Protein chains: 2
Amino acid sequence: MMLSSTSRLSSRSALTRVFSTSTSRTNRAIVYSQPGNPGTVLRALTYPPLASPPPNTLNIKFLLSPINPADINVVEGVYPAKPALETSLRATGAGSKHEPVFVGGNEGLAEVIDVGSGVSGFQKGDWVVMTRSQAGTWASSRNVGSNDVLKVPRTHGSFSLSEAQAATITVNPPTAYNMLHDFTRLQEGDWIVQNGGNSAVGQAVIQIASTLGYKTLNFVRNRENLSTLTDYLHSLGATKVLTYDELADKSLRGQVKEWTSGKGIRLGLNCVGGKDTTLMAQLLGQDAHLVSYGAMSKQPLSLPTSLFIFKNLTAHGFWQSQWYAQKGRKEQEKLMKTLVHFMSQDGLKAPEHEIVSIKAQETDEAASEKIQTLISRIAEGRYGKKIMLKLEDVEH
Amino acid sequence: MMLSSTSRLSSRSALTRVFSTSTSRTNRAIVYSQPGNPGTVLRALTYPPLASPPPNTLNIKFLLSPINPADINVVEGVYPAKPALETSLRATGAGSKHEPVFVGGNEGLAEVIDVGSGVSGFQKGDWVVMTRSQAGTWASSRNVGSNDVLKVPRTHGSFSLSEAQAATITVNPPTAYNMLHDFTRLQEGDWIVQNGGNSAVGQAVIQIASTLGYKTLNFVRNRENLSTLTDYLHSLGATKVLTYDELADKSLRGQVKEWTSGKGIRLGLNCVGGKDTTLMAQLLGQDAHLVSYGAMSKQPLSLPTSLFIFKNLTAHGFWQSQWYAQKGRKEQEKLMKTLVHFMSQDGLKAPEHEIVSIKAQETDEAASEKIQTLISRIAEGRYGKKIMLKLEDVEH
């Protein structure tokens, strides 16, 4: 929450004041005291209504907060981005001890419910997303610095953004868009190659590339109902969908040359690593860029040095959190507008998803159990769909 | 030699004319008809005196031509840069058959002995080096396009370049300089890290970095007389010299942090590959560049994807031949001036070397045997020093 100690103090005294009114609604967040197994350490915590927002901050109410794979790694304590300990969420209820906690969640859509003094560019009812990473989005309402959020246009012409589209707009679509945009200048008709074609980013890549007129060669794992997946990715705009088994076949290189009419592929996107990525890199042409944003195989990126020296390959990484940290507000807003524009053209669907609600009347105990079970199942890869949390205010 | 068919014809008739005079000297080159084992396929070939140079060409006489490791790979046919078949070298002597050949050698110092019409910027007595790769430098005299050579200043103030310095100026020193210069902007006091610290490029890196005020952390193989090597590299300007065994020790990271006062190292240079490079990459700081120019271990470059994503590592390759192919004459000349300037400050010594002469009176058979033995020994790594060829004109 990055409040200065002064504003935190003022926030506390304001909090006591508001807490004493009878119309207030208390809040709930999914928190943990120590990193560890998410199926054990996560719990629901009820905390008092927010005070009026201190200067330069906003009170926001989360509408929908995705649970992304990286969020689980953060709770486990194995992700490089660490959340800050939160000292301002004081548990309500008799006998509840007060200790600092971490609030889970990195991504989420929220609505502005109150605007502090000195804040410009935001008003009540605006939709916002987080640009500060690990800000703790698995919560009903939070107070946030106005520099830590970004407004998302709710409409584009006659098109209205869905809550699910807006809630998933900060991580995967911009990762896809920036990777297509920042490393090499592509032109209509150019090819790109990627693995993890079925990942959330992979699907966004397919859609954005298709809208921009780039052709995509997409690799996915072989599976029982492969044609269902292949058909789906083609429906999103994929040019070619192949399996890693087909990638291992040496005849593929000649085939790819035919498809691309001999023009070298200059961009490869990697979220897998290991030998499948070594093989994919060999499909790249002269002066190509290989951009890694994940390592699902948990194997390192292993590439023949000759690709670097004689084919002038450059290997990069991409991390959207770093992008937000480095870019100014203008560039961030421009990115949001671009993505909403793609969405308005039906060029960027929300991921297939399921909404899990925590109702106001559920107890913290019941909510904790629900979350622990849910996260354990996600961690085991037992959901095909993206799960999004909806935490209702707790009536008081 | 890339002559047009017209100029080749005129060159042949001129050749007949010159060949009939009694003061001429014939030439010798080290050639091969088919790529293969250099200990078998290489042979000495005597060919007639050069004709007067056709328009836009120069006749040059090689003074000293290094045998570099990559030259051996070229003869073996396993190097990506292939020489062109040479049809203009017609063997002299009764019963000698005429067939196109490859001429060995990529690097060499030559003196201009005759200037064709239309050539500007060169005069007799100038020293030149090759910028076209695989031009065939293991020869006494050749005719070359004026665009394929670059003048090397013979002096800088009161400093005179040695033949050995000039003969080795085109590949290793510019590789070192460009790698230090092209990928990230270093400032005095900054650290760089490299493996193969004892390689020709490695030594040039140490010297240039030292002159520019950069600190170097150099890794070398452990060996019996390690301190001799360590002392030598320190005398060239190395800040730290460590072995790969020391690199494998996890405590090194803390040590490096102390040496660098916690400032991240932003440039790593790699000619080894394999696990030693994986470990070296982990010494790099945020936003670093790892530049590969060789793969002595014959192992791929294997890097944790997290370095790319979370530390924003970029991995590049560098190939000096590609640099020459892409840059204009002005940039090439500026590079030479820069390197000669370093040499004049005693900041770039010639590598330790041994000159192997092929005398005018030796027969082609004797010369062929000498070369085959020599190259076999070099290929086996039995020379600690750089070998440079000196082919004398054959008196006629």
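Below, chain A is the first sequence line, B the second, and so on; all start at residue 1. Nothing here was measured: the structure is a model prediction, and the numbers come from that model.
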Requested in this report: For chain A, find which of Ser306(B), Ala295(B), Gly294(B), Pro304(B) contributes the most heavy-atom pairs closer than 4.5 angstrom.
Outcome: Gly294(B)
Query - ring-ring contact (aromatic ring centres under 6.0 Å, His included) between Tyr293(A) and Phe318(A), worked out - result: CA-CA 5 Å; Tyr293(A) 64 97; Phe318(A) 184 80; 8.4 Å; no
Report summary line: Most contact-rich option vs chain B, by heavy-atom pairs under 4.5 angstrom, among Gln322(A), Lys298(A), His316(A), is His316(A)
**Report entry** Main-chain N/O of Leu267(A) paired with Trp191(A) side-chain donor or acceptor, under 3.5 Å
**Finding:** no
Query raised in the report: Are side-chain heavy atoms of Asp249(B) and Glu246(B) found at a separation under 4.5 Å?
Result: no
Requested in this report: Tell me, for Phe183(B) versus chain A, whether the close heavy atoms (under 4.5 Å) come from the side chain, the backbone, both or neither.
Outcome: neither
Query raised in the report: Short question: side chain of Thr137(A), backbone of Glu107(A) - any donor-acceptor pair under 3.5 Å?
Result: yes
Query raised in the report: Looking at Leu290(B), Val291(B), Asn270(B), Leu303(B), which has the largest count of heavy-atom pairs under 4.5 Å with chain A?
Result: Leu303(B)
**Report entry** Residue Ile309(A) versus chain B: region with a heavy atom under 4.5 Å
**Finding:** both
Requested in this report: Could you look at Pro80(A) and say if it's the side chain, the backbone, both or neither that has a heavy atom under 4.5 Å from chain B?
Outcome: side chain
Query raised in the report: Under 3.5 Å, is there a donor-acceptor pair between the side chain of Thr131(A) and the main chain of Asp148(A)?
Result: yes
